[in-house]
Amino acid sequence: QVPLVESGGGSVQAGGSLRLSCAFSEVTSRQYCMGWFRKSPGQEREGVAGIDMDGRTSYADSVKGRFTISRDNAKNTLILQMNALKPDDTARYYCAAEAPYCSGGRPPTPDEWSTWGRGTQVTVSS
């Protein structure tokens, strides 16, 4: 059973918005840290955002002020609201869980996450 399932990706024009969702299991909901990372073709994976059980967050500088991460443990859902999208945001986005930290600074690097889903594609055209 895949513990993390992403949805909500798609194609938008620059300046538009998308809302990514991640459904996770009851077991996964107990993880203190959850978040998102992304992978663009030809680029290294990049940590995007993290959130802890108390709702404290961290963001990559490239998305600060445009993306918002939230989690609803009662509904077992992690959300990434993406506004003012840019072509550079084009990537496959992965929901992730279990990292040594997830707030107070930069989000975890992709290598610091223990588990992640299969991803959802986001394409932003200029």
Side-chain angles (χ1 to χ4, degrees):
Q1 180 182 2
V2 178
L4 300 162
V5 181
E6 303 91 339
S7 62
S11 298
V12 294
Q13 290 191 323
S17 297
L18 281 174
R19 182 180 175 90
L20 304 185
S21 295
C22 172
F24 51 84
S25 67
E26 181 65 29
V27 171
T28 303
S29 72
R30 300 171 199 160
Q31 293 298 331
Y32 189 73
C33 286
M34 296 195 71
W36 298 86
F37 66 87
R38 65 188 180 185
K39 174 70 171 69
S40 303
Q43 302 290 325
E44 295 289 325
R45 296 180 302 169
E46 177 188 19
V48 173
I51 186 168
D52 66 21
M53 192 73 78
D54 299 316
R56 292 172 295 205
T57 59
S58 59
Y59 296 95
D61 288 344
S62 57
V63 307
K64 276 181 184 176
R66 300 187 298 120
F67 290 11
T68 302
I69 188 172
S70 60
R71 69 190 283 180
D72 185 339
N73 279 353
K75 297 181 179 178
N76 289 357
T77 302
L78 184 71
I79 299 293
L80 186 68
Q81 178 67 43
M82 307 187 296
N83 298 328
L85 283 161
K86 305 175 182 179
D88 285 349
D89 295 318
T90 295
R92 191 164 186 84
Y93 285 72
Y94 297 85
C95 174
E98 191 176 357
Y101 68 92
C102 49
S103 62
R106 65 169 178 83
T109 65
D111 288 341
E112 291 173 318
W113 294 108
S114 294
T115 186
W116 51 88
R118 293 175 178 151
T120 185
Q121 179 66 34
V122 171
T123 302
V124 185
S125 58
S126 58

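We're numbering straight along the sequence, starting at 1.
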A.B. asks: For Ala49 and Trp113, work out which heavy atoms get closest and say how close.
C.D. replies: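 Scanning both residues completely, I find the closest heavy atoms to be O-CZ2, 4.3 Å.
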A.B. asks: For the residue pair Ala97 and Leu4, what are the closest heavy atoms and their distance?
C.D. replies: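 For Ala97 and Leu4, the tightest heavy-atom pair comes out as N-CD1, 4.0 Å.
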A.B. asks: Decide yes or no for Ser103 and Thr57: does some side-chain heavy atom of the first lie under 4.5 Å from some side-chain heavy atom of the second?
C.D. replies: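 In short, these two side chains do not touch, never coming nearer than 4.5 Å.
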A.B. asks: Does the pair Phe67 and Leu85 meet the rule for a side-chain contact (heavy atoms from CB on, under 4.5 Å), with working shown?
C.D. replies: CA-CA 9 Å; Phe67 290 11; Leu85 283 161; 3.8 Å; yes
A.B. asks: Got a second to check how far Ile79's CD1 is from Leu20's CG, nearest 0.5 Å?
C.D. replies: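 Result: 8.5 Å between the selected atoms.
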A.B. asks: So Glu112 and Tyr101, side-chain contact (heavy atoms from CB on, under 4.5 Å) or not? Walk me through it.
C.D. replies: CA-CA 9 Å; Glu112 291 173 318; Tyr101 68 92; 3.0 Å; yes
A.B. asks: Rounded to the nearest 0.5 Å, how far does CZ of Phe37 lie from CH2 of Trp116?
C.D. replies: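 It comes to 5.5 Å.
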A.B. asks: Set out, in order, the CA-CA distance, both residues' side-chain angles and the distance that settles side-chain contact (heavy atoms from CB on, under 4.5 Å) for Met34 and Cys102, then state yes or no.
C.D. replies: CA-CA 7 Å; Met34 296 195 71; Cys102 49; over 6 Å; no
A.B. asks: Quick check against the 3.5 Å criterion: does Asn73 have a side-chain atom that pairs as donor or acceptor with the backbone of Asn76?
C.D. replies: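 Here the side-chain-to-backbone pair does not exist.
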A.B. asks: Any non-hydrogen side-chain atom of Pro3 less than 4.5 Å from a side-chain atom of Thr115?
C.D. replies: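 Counting from C-beta outward, Pro3 and Thr115 do come under 4.5 Å.
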A.B. asks: Is there a donor-acceptor pair closer than 3.5 Å between any side-chain N or O of Arg38 and the backbone N or O of Ala91?
C.D. replies: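 Judged by distance alone, no pair lies under 3.5 Å.
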A.B. asks: Taking all heavy atoms of Gly47 and all of Ala60, pick out the closest pair and write down the distance.
C.D. replies: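 Heavy-atom minimum between the residues: O-CB, 3.3 Å.
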A.B. asks: What's the separation between atom CZ in Arg19 and atom CG in Asn83, rounded to the nearest 0.5 Å?
C.D. replies: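 Spacing of CZ (Arg19) from CG (Asn83) equals 10.0 Å.
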A.B. asks: Could you give the distance from OG (Ser40) to CD (Glu46), rounded to the nearest 0.5 Å?
C.D. replies: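 With rounding to 0.5 Å, OG (Ser40) is 7.5 Å from CD (Glu46).
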A.B. asks: Do NZ/NE/NH1/NH2 and the carboxylate oxygens of Arg45 and Asp111 come within less than 4.0 Å?
C.D. replies: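 Judged by the 4.0 Å cut-off on N to carboxylate O distance, Arg45 and Asp111 do form a salt bridge.
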A.B. asks: Give the minimum heavy-atom separation between Met53 and Gln31, together with the two atoms involved.
C.D. replies: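 Where Met53 meets Gln31 most closely, the heavy atoms are CE-O, 3.4 Å.
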A.B. asks: Check Lys64 with Asp61, please: is the shortest side-chain N to carboxylate O separation under 4.0 Å?
C.D. replies: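 Yes, Asp61 and Lys64 are salt-bridged.
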A.B. asks: Nearest 0.5 Å, what's the CZ-CZ distance between Arg71 and Phe24?
C.D. replies: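 These two atoms lie 5.5 Å from each other.
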A.B. asks: For Glu6, does its backbone N or O pair with a side-chain atom of Tyr93 as donor and acceptor, under 3.5 Å?
C.D. replies: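 Not a single qualifying donor-acceptor pair exists.
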A.B. asks: Check Cys95 against Leu78 and note the closest heavy-atom contact, atom names and distance.
C.D. replies: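 Minimum heavy-atom separation between Cys95 and Leu78: SG-CD2, 3.7 Å.
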A.B. asks: Looking at CG of Leu80 and SG of Cys22, how far apart are the two atoms once the value is rounded to the nearest 0.5 Å?
C.D. replies: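 So the CG of Leu80 and the SG of Cys22 are separated by 10.5 Å.
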A.B. asks: Please determine, by modelled atom types, if Asp54 and Tyr32 share a side-chain donor-acceptor pair under 3.5 angstrom.
C.D. replies: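 Result is yes, a qualifying pair exists.
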A.B. asks: Would you find a donor on one side and an acceptor on the other, under 3.5 Å apart, between the side chain of Thr123 and the backbone of Thr90?
C.D. replies: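 No, Thr123 side chain to Thr90 backbone: no donor-acceptor pair under 3.5 Å.
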A.B. asks: Which is it for Val122 and Met82 under the side-chain contact (heavy atoms from CB on, under 4.5 Å) test, yes or no, and what are the steps along the way?
C.D. replies: CA-CA 10 Å; Val122 171; Met82 307 187 296; 3.8 Å; yes
A.B. asks: Which atoms form the tightest heavy-atom contact between Ser58 and Pro107, and what is the distance?
C.D. replies: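 Between these two residues, the closest heavy atoms are OG-CA, 3.2 Å.
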